[in-house]
Protein chains: 2
Amino acid sequence: MKILVVGLGALGTVFSCFLQKNGHNVSAVDTQEMVQKVQNKVVKVCGIWGKHSAQLKNIVSSPNELKNDFDLVILTVKSFHTEKALENLKGILKDKTRIILAQNGFGNYEKAQAYVKKENIIVSRIIFGAETINPGYSKVTVIADDVLIGSPENLIPLKELGNIANIINMSGIPCRASNEIMKFVWEKIIYNSALNSLGAILEVNYGKLAEMEDTQKIMNKIIEEIFNVLEAMGEKISWPNSEAYLEDFYSKLVPVTANHHASMLQDIQLGRHTEIDALNGAICSLGKKYNISTPVNWIITKLVKAKEKLVQK
Amino acid sequence: MKILVVGLGALGTVFSCFLQKNGHNVSAVDTQEMVQKVQNKVVKVCGIWGKHSAQLKNIVSSPNELKNDFDLVILTVKSFHTEKALENLKGILKDKTRIILAQNGFGNYEKAQAYVKKENIIVSRIIFGAETINPGYSKVTVIADDVLIGSPENLIPLKELGNIANIINMSGIPCRASNEIMKFVWEKIIYNSALNSLGAILEVNYGKLAEMEDTQKIMNKIIEEIFNVLEAMGEKISWPNSEAYLEDFYSKLVPVTANHHASMLQDIQLGRHTEIDALNGAICSLGKKYNISTPVNWIITKLVKAKEKLVQK
């Protein structure tokens, strides 16, 4: 399979290394600076899935340097770069090229439709963790569940999605196809909108947030508002309502990640943008659209953005 | 005049020193530990009003050690200690003893009524700043306006309040009486609920909060909610609505205190309780009472309380 990985961050490095190593023909796109830093086009992975390295077919700074014959594109840029990355891909997407959106949060599928027809868009839910050690060298630190891929409106035959999932899975990244991908995407959004954002504001780990009464009350409201929005959208997830979700949230979901610190806090401290607009920010936009009040997600969004700017100044 | 100052913190030290020095008979109450630390009952003040010292008549750890012949009590404990302090005073308040509440925020007048009849309660608005250098030794750092004193329901003749204001004023602390004291108390609450609380959460000065768009939007909402509550209460202040207030807030009120850091942040960092329950927390309670939605003040209250607890642990 001819595969293009867009973005050689922690995630893109893992995908490109594993897929190339498993006999596929993988090219990667990143900035000029990154292209120069990855020597001999060799990407490497270490961590819980062992040590791996692979020499990619191409690493370029512009997709236009490549032939337009890709079967699959994996977009691993951050959600706030989705549109720009897709704009740059315009010249090299074939009519049959499938594109996996590997971004966090809500809104990526919607944004992508301005550049790619819906029938080619695959949405993913990724909950393994990877961090960059050096440019093109990633460490896989943790995995909570298989990567899931799917077509939000089921416009791609499940058999074909299964084949793509199988290719990823065979390469060493646990993956399966789902015909209800948005359900799983939303479950990750809820979890992150409560813990990641508030953890970034208060600079404490997830366990602490779940332990203190005041932060519990804030997270309960964040989650309640999201369930209200989901109900208005007609979106169903594994829990029928926020009460049922909260029970599992405190008894099962948080305890296994109690020592985890918000990745958003690290983003802020490193002067990077966060993906707040695809999490609590997206809840507010959807709330407006469906006329659902989301004041707690609103203030959480503003506080994270204020913290971003305070560091960047 | 026989005066009892309750609490020898920064503020209590200033009041007791100036009033004693001006020929009044001043006693003070504080903890046993504080009583021992203030040597020879001498309290001192430095700062923008010059250097002063005075030997108080008494410094005791329990009001019951004193005779019940006070004309005036000045309560300078923090708002969250109002009730306990008044409980301790029960035995020594005469029928004619007036009591000045020198606490911040909303709710002190209401709480005091369980211990003192309304006709004896004087509410104050204090916007000079003082900090403790040593026990019984305070520095006056800044003054924005005279101390104002008044009876919220005008149950004390303005002439008598004028006499009390005059005594304080003559002692060296600028002071005047007002027949609309709650208006001024509310104006201070609005200012503090926006800047002090948010400054404590984000750990930046007032100027920064007013400069960034995201924090502006949060403060605008905090203030809007307070104006909604005030309207429901039928409480009038100098600005007819939040829009008019906000114009002055950004153009006049904040610029003069742009470099100011939230005193609430200092309280948190020193492991002390903050007065959040008398500020944004009081807005939420009043919102409930008058059926006005106050979600932004609610989350601000919770975040400050979470920060308090994170340091105390």
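Letters go in sequence order (proteins before strands), and every chain restarts at 1.
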Item checked: Name of the residue among A/Lys307, A/Lys305, A/Lys309 meeting salt bridge (charged side-chain N to carboxylate O under 4.0 Å, His left out) with B/Asp214 -> A/Lys309
Item checked: Contact listing (chain B partner; residues 269-280 of chain A; heavy atom under 4.5 Å) -> none
Item checked: chain B neighbours within residues 293-304 of chain A, where any heavy atom lies under 4.5 Å away -> A/Pro295, A/Val296, A/Trp298, A/Ile299, A/Ile300, A/Lys302, A/Leu303
Answer yes or no: are there more than 12 heavy-atom neighbours, outside [X] itself, under 6.0 Å from its atom [atom1]?
X	atom1	result
A/Glu213	CD	no
B/Glu33	CD	no
A/Lys111	NZ	yes

Margin query: Which residues in residues 218-251 of chain B have any heavy atom closer than 4.5 Å to a heavy atom of chain A?
Written below: B/Ile218, B/Lys221
Checklist line | chain A-proximal positions within residues 182-207 of chain B [heavy-atom distance under 4.5 Å] | finding: B/Leu198, B/Ile201, B/Leu202, B/Val204
Next item on the list: Could you tell me whether the side chain of A/Met212 reaches within less than 4.5 Å of the side chain of B/Leu310, counting heavy atoms only?
Entry: yes
